[in-house]
Amino acid sequence: IEFNAEGVCSFCTSYQAPQWKGRDLLEEKIAPLRNKSGRPDCIVAFSGGRDSSYGLHYVKSVLGMNPIAYCYDWGMITDLARRNQARICGKLGIEYIVVSADIQKKRSYIRKNILAWLKNPNLGTVPLFMAGDKQYFYYANKLRQQTGVPLIILCVNPLEQTHFKTGFAGVPPIEINEGNTYALSIANRTKLASYYASQFLQNPAFVNSSLWDTFTGYLSYYFIPHKYLFLYDYIRWDEQEINSTLQQEYEWETAKDSASTW
């Protein structure tokens with residue numbers, strides 16, 4: 001984050017209101033891929049959160065497509081999310097594919113990196129805690145190859161900005177490239193890798209059994225093809241409609257210790 005002479009931050013000066021591409025363009029994109037025989041014609045990444053839950057509902061019930069729901073379980077999916085996943089897939093009558101990592105190993109990697117971080121706390125290395133979930137891009141692409149389904153849909157909330165993943169490492173906020181929120185230039189990818197290499201040298205505790213998993217997560221996030229359709233680039237994020245749809249049509253469960261549906 002940077003501040004100008006008037007004390008206004010860079011996020012305020014660079015802010016642009018969301019511009020939705022609209023339902024018409026969305027229909028134009030998916031029309032050639034829609035399978036009228038009822039066979040699967042898209043894969044929807046499905047974490048069980050409200051973004052992807054409403055997205056799956058929209059793809060099936062509004063767009064009339066035949067999705068496969070896909071989830072990569074890296075050890076941090078809650079029982080609450082699992083129940084909501086079951087409710088929605090059961091009601092919609094769609095196939096649900098779970099690719100599971102070695103849960104015990106993944107959780108041990110998180111623990112090792114948090115303990116390592118505590119030896120030398122640095123905001124730039126916080127993303128190491130979440131490095132283990134990035135292989136979901138790899139398995140999404142692999143599932144597309146295995147099923148022959150051409151389209152992968154991601155339901156990423158446009159309000160969920162994660163510039164901290166690179167910003168605290170000294171790399172400017174992630175560059176947007178035709179809807180691909182995970183793009184970085186080669187120079188910035190190199191800069192990010194150099195930053196982590198320097199942190200590992202300063203804090204050898206990061207050089208542990210999680211290292212290969214972290215590296216493959218980095219490759220999955222920044223290097224493999226991300227040819228996906230981002231649903232919320234086309235339709236407006238309407239909090240009230242999303243909450244009411246999920247709760248009324250699917251008896252969507254929320255956490256008992258919070259009033260939030262997040």
Side-chain angles (χ1 to χ4, degrees), residues 43-61 67-118 125-140 142-143 152-162 164-165 181-182 210 213-214 216-217 220-221 228 230-232 237 239-262:
I43 297 169
V44 176
F46 185 40
S47 68
R50 65 176 183 176
D51 309 13
S52 60
S53 293
Y54 181 80
L56 189 59
H57 155 83
Y58 191 91
V59 169
K60 175 67 175 179
S61 301
I68 294 174
Y70 151 69
C71 175
Y72 177 62
D73 187 354
W74 69 294
M76 297 298 287
I77 292 180
T78 65
D79 292 340
L80 174 62
R82 290 180 182 278
R83 292 193 294 272
N84 282 330
Q85 287 172 326
R87 287 184 179 97
I88 293 175
C89 290
K91 176 105 181 255
L92 293 175
I94 61 177
E95 182 178 7
Y96 173 43
I97 296 177
V98 180
V99 177
S100 179
D102 185 322
I103 301 299
Q104 188 173 4
K105 276 187 179 180
K106 285 281 192 179
R107 289 177 176 170
S108 73
Y109 295 159
I110 297 170
R111 179 178 177 81
K112 286 178 180 179
N113 284 328
I114 289 175
L115 292 175
W117 186 87
L118 289 170
T125 50
V126 167
L128 287 174
F129 307 164
M130 295 85 74
D133 75 336
K134 303 304 180 291
Q135 288 86 353
Y136 103 85
F137 296 108
Y138 168 79
Y139 287 109
K142 187 173 183 180
L143 187 60
I152 297 176
I153 299 176
L154 264 59
C155 307
V156 180
N157 184 333
L159 302 178
E160 183 183 358
Q161 300 295 323
T162 56
F164 73 90
K165 290 179 179 176
T181 58
Y182 307 100
S210 73
D213 190 66
T214 297
T216 57
S220 297
Y221 199 71
Y228 313 131
F230 290 78
L231 182 67
Y232 294 113
W237 176 268
E239 189 110 352
Q240 185 174 352
E241 179 184 350
I242 289 170
N243 287 339
S244 62
T245 298
L246 293 176
Q247 291 171 339
Q248 293 173 17
E249 295 192 29
Y250 299 96
E251 298 181 358
W252 207 72
E253 186 180 353
T254 58
K256 292 181 172 56
D257 59 351
S258 172
S260 173
T261 57
W262 180 251

Residues forming a ring pair (Phe, Tyr, Trp, His ring centres under 6.0 Å) with [X], sequence neighbours excluded:
X      : answer
Tyr58  : none
Trp252 : none
Phe164 : none

Q. Does the side chain to side chain contact (heavy atoms under 4.5 Å, CB included) test come out yes or no for Phe137 and Tyr72, once each step is laid out?
A. CA-CA 9 Å; Phe137 296 108; Tyr72 177 62; over 6 Å; no
Q.
Please determine whether the number of non-hydrogen atoms from other residues, nucleotides or ligands lying under 6.0 Å from atom CE of Met130 exceeds 12.
A.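 Check passes, neighbour count above 12.
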Q) For atom NZ of Lys105, is the number of surrounding heavy atoms from other residues, nucleotides or ligands below 6.0 Å larger than 12? A)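 Check fails, neighbour count at 12 or below.
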If you compare all heavy atoms of [X] against all heavy atoms of [Y], which two are closest, and at what distance to 0.1 Å?
X      : Y      : result
Tyr70  : Val99  : CE1-CG2, 3.8 Å
Leu159 : Asn157 : N-OD1, 2.7 Å
Leu80  : Ala255 : CD2-N, 3.8 Å
Lys60  : Pro67  : CD-CD, 3.8 Å

Taking atom [atom1] of [X] and atom [atom2] of [Y], what is their separation to the nearest 0.5 Å?
X      : Y      : atom1 : atom2 : answer
His57  : Ile242 : NE2   : CD1   : 10.0 Å
Leu231 : Tyr54  : CG    : OH    : 8.5 Å
Ile88  : Ser53  : CD1   : OG    : 3.5 Å
Asn243 : Thr261 : CG    : OG1   : 3.5 Å
Arg107 : Gln104 : CZ    : CD    : 9.5 Å
Asp79  : Asn84  : CG    : CG    : 11.5 Å

Test salt bridge (Lys or Arg N to Asp or Glu O under 4.0 Å) applied to [X] - qualifying residues, sequence neighbours left out:
X      : value
Lys106 : Asp213
Arg82  : Asp73
Asp133 : none
Arg83  : Glu253

Q | Gln247 vs Thr254 side-chain heavy atoms within contact, under 4.5 Å | A |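 Yes, close enough: below the 4.5 Å cut-off.
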Q. Should Ile97 and Tyr139 count as side-chain neighbours, where that means a heavy-atom distance under 4.5 Å?
A.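 SC-SC contact between Ile97 and Tyr139 ruled out.
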Q.
side chain to side chain contact (heavy atoms under 4.5 Å, CB included) for Glu160 and Trp237? Distances and angles first, verdict last.
A. CA-CA 11 Å; Glu160 183 183 358; Trp237 176 268; over 6 Å; no
Q: May I have all residue pairs that pass salt bridge (charged side-chain N to carboxylate O under 4.0 Å, His left out) and include part of residues 239-251, sequence neighbours excluded?
A: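 Pairs touching residues 239-251 that pass the test: Arg50-Glu239.
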Q | Donor-acceptor under 3.5 Å (Tyr232 side chain, Asp51 main chain) | A |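 Here the side-chain-to-backbone pair exists.
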Q) When you look at Asn113 and Thr214, which way does the side chain to side chain contact (heavy atoms under 4.5 Å, CB included) test go after all the steps? A) CA-CA 10 Å; Asn113 284 328; Thr214 297; 4.2 Å; yes
Q.
My understanding is that only residues two or more places apart in sequence, or in another chain, count here; which of them pass side-chain hydrogen bond (donor to acceptor under 3.5 Å, both in side chains) with Ser47?
A.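 side-chain hydrogen bond (donor to acceptor under 3.5 Å, both in side chains) list for Ser47, sorted by chain: Ser52.
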By side-chain contact (heavy atoms from CB on, under 4.5 Å), which residues pair with [X], not counting sequence neighbours?
X      : result
Ser258 : Ser260
Ala86  : none
Ala69  : Phe46, Leu56, Cys89, Ile94, Tyr96

Q: Please determine which of Ile153, Ile152, Ile68 meets the side-chain contact (heavy atoms from CB on, under 4.5 Å) test together with Val44.
A: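 With Val44 as partner, Ile153, Ile152, Ile68 yield a single side-chain contact (heavy atoms from CB on, under 4.5 Å), made by Ile153.
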